[in-house]
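Report on the structure given below.
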Amino acid sequence: MPAPQNFAYKVAEVVALIPPGRVSTYGAIANYLGTGMSARMVGHVLGKSIEGHTVLPAHRVVNAQGLLTGAHAFPPAHSMEDRLAQEGVAVIDNRVVDFGRLFWDPARHL
DNA sequence: TCGATGACTATAG
DNA sequence: CCTATAGCCATCG
């Protein structure tokens, strides 16, 4: 590991710890990291990490509305909801069904 | 060091 | 439901 950025590293850790069949939000992760509501960093650094060499289940990370905002910028974008569906997460119109129940809070679990 | 950017969030109309 | 505006802060050139 060539000195991974602390922020990116923590994001990778948390995202990698998200159990299958569960989804998390940028705000929750940002809050857990102590970055407050700067959820943009989570998604941005996540995208950078994923394009670099780190393979993270980014498809399990959605916005506060349960919308697959990442699917718009994730290469094979359409596979994002497919992956969620395979893990037991129903996705309709880029929106997670029962998002409130499938929501996984890192600060709560950790 | 500075400026622009963005996979966000919340509030308002 | 949709658009607009403001706040947020790490990353990149």
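Naming: A, B, ... by sequence-line order, numbering from 1 per chain.
Between the side chain of D98(A) and the main chain of R101(A), no donor-acceptor pair closer than 3.5 Å is present.
L17(A) and L33(A) end up in the same hydrophobic cluster when Ile, Leu, Val, Met, Phe, Trp and Tyr side chains are linked at under 4.5 Å. Residues L110(A) and V61(A) fall within the same hydrophobic cluster, defined by Ile, Leu, Val, Met, Phe, Trp and Tyr side chains chained together at heavy-atom separations under 4.5 Å.
Taking a 4.0 Å limit (strictly below) on heavy-atom distances, residues 59-71 of chain A reaches DNA chain B at N63(A), A64(A), T69(A), G70(A).
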Under 3.5 Å, which protein N or O atoms sit close to an N or O of nucleotides 7-10 of chain C? Give each pair with its distance.
from	atom 1	to	atom 2	distance (Å)
dG7(C)	O6	R40(A)	NH1	3.3
dG7(C)	O6	R40(A)	NH2	3.3
dC8(C)	N3	R40(A)	NH1	3.4

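Note: CD1 (I18(A)) to P (dA7(B)) measures 18 Å, nearest angstrom. What separates CG of L33(A) from C1' of dT9(B) is a distance of 16 Å, to the nearest Å.
Residues E87(A) and H59(A) bring a donor and an acceptor atom of their side chains to less than 3.5 Å of each other.
Taking OH of Y26(A) as the start and OG of S38(A) as the end, the distance is 14.0 Å to the nearest 0.5 Å. If you take CG on L68(A) and CE on M80(A), they are separated by 5.0 Å, rounding to the nearest 0.5 Å. Taking CD1 of I29(A) as the reference point, atom OG1 of T35(A) lies at 9.5 Å (rounded to 0.5 Å).
Residues F103(A) and V96(A) form no side-chain contact, since every pair of their non-hydrogen atoms from C-beta on lies 4.5 Å or further apart.
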